[in-house]
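Let me begin by presenting the structure, written as structure tokens, before commenting on it.
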Amino acid sequence: MWFDEDQQTKSNDRVIEENSSDEETEKCTCHKGCSTRSCSCFKNGSGCNSSCGCNGTCRNMFNHLEYFFGNDKKYSAHPCFAQWLKKTVKNADALQMIDREKLRQRIIKSENYPEMFGDYDNSKEWKKKNENEKLLDTQSLFRNLMSDEATDLYYSFCQDDVCDSDNDWHCAICRRCMDWRVWHCDKCNKCSWGSSLPCERCGDSNSDSELSDYF
Ligand SMILES: [Zn+2]
Ligand SMILES: [Zn+2]
Ligand SMILES: [Zn+2]
Ligand SMILES: [Zn+2]
Ligand SMILES: [Zn+2]
């Protein structure tokens, strides 16, 4: 079961190394705002940090992801969740009005979820939890399926279902979840079908794209 404490301890252990490297590599150069697509942090679905140029003026709504993922460390949003958030809310205030229980219901009522994890809602384990424990549990579910740690499985808002990262991935540029055989051609800036085939438009090969590293 993925809700167990083992996993939480594991992610806690990694806090130190990850935070230090994140701060050097992921930052934006905005001087104010960060509420638009021109901010690289916003684009990546992550909050700003102290090395960004925006301090004090930052209105990046992804600074408030602890609402979904809890406070134990800084998480980014999975690209599919990030896109859904951008579409659903305009700012941090609206983000914190999202009904977390409704979102949880959407996930656990999806087609694949019960097949993969069973009817957790009707389990004794869930029923005996108090409100606070339920919230922690919900945030753990969100981290596992909607954050940058959702690497094996993730919740696809495009497909309204839990997806296996080996079979599906979200193209942030084309704004859609794609089959694993689809790859994003940097030259055309569009996705093309066939992981070993050249781009259907320009004929460029997949070999130098970022994607081929994953397969
Ligand atoms: Zn920014
Ligand atoms: Zn930033
Ligand atoms: Zn910022
Ligand atoms: Zn998607
Ligand atoms: Zn694409």
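Remember, it's 1-based here, ligands and their atoms both numbered in the order they're listed.
- At a cut-off of 2.8 Å, Cys41 is counted among the residues with an N, O or S atom near the Zn ion (ligand 2).
- Put simply, Cys34 stays out of reach of the Zn ion (ligand 2), with no N, O or S atom under 2.8 Å from it.
- Looking at His184 and the Zn ion (ligand 5) together, the shortest N, O or S contact belongs to ND1.
- A single hydrophobic cluster is not seen to contain both Leu135 and Leu145; linkage of ILVMFWY side chains at heavy-atom distances under 4.5 Å, directly or through other members, places them apart.
- Between the Zn ion (ligand 4) and Cys171 there is no N/O/S contact shorter than 2.8 Å.
- To the nearest 10 degrees, the Zn ion (ligand 4) sees SG of Cys80 and SG of Cys177 at an angle of 100°.
- Coordination check, Cys48 versus the Zn ion (ligand 2): passed, since an N/O/S atom of the residue sits under 2.8 Å.
- Seen from the Zn ion (ligand 5), atom SG of Cys191 and atom SG of Cys174 lie 110° apart in angle, a value rounded to 10°.
- For the pair Asn144 and Phe69, the minimum side-chain heavy-atom distance is 4.5 Å or more.
- Residue His170 approaches the Zn ion (ligand 4) most closely through its N/O/S atom ND1.
- Checking side-chain atoms of Trp183 against main-chain N and O of Gly194 turns up a donor-acceptor pair under 3.5 Å.
- Taking backbone and side-chain atoms together, Cys28 has an N/O/S atom less than 2.8 Å away from the Zn ion (ligand 2).
- A centroid separation of 6.0 Å or more is found between the aromatic rings of Tyr154 and Phe81.
- Salt bridge Glu149/Lys73: present, at least one basic N to carboxylate O contact under 4.0 Å.
- Remark: the backbone N or O of Cys163 is not paired with any side-chain donor or acceptor of Asn112 at under 3.5 angstrom.
- The existence of a salt bridge linking Asp160 and Lys109 is excluded, since no basic side-chain nitrogen approaches an acidic carboxylate oxygen closer than 4.0 Å.
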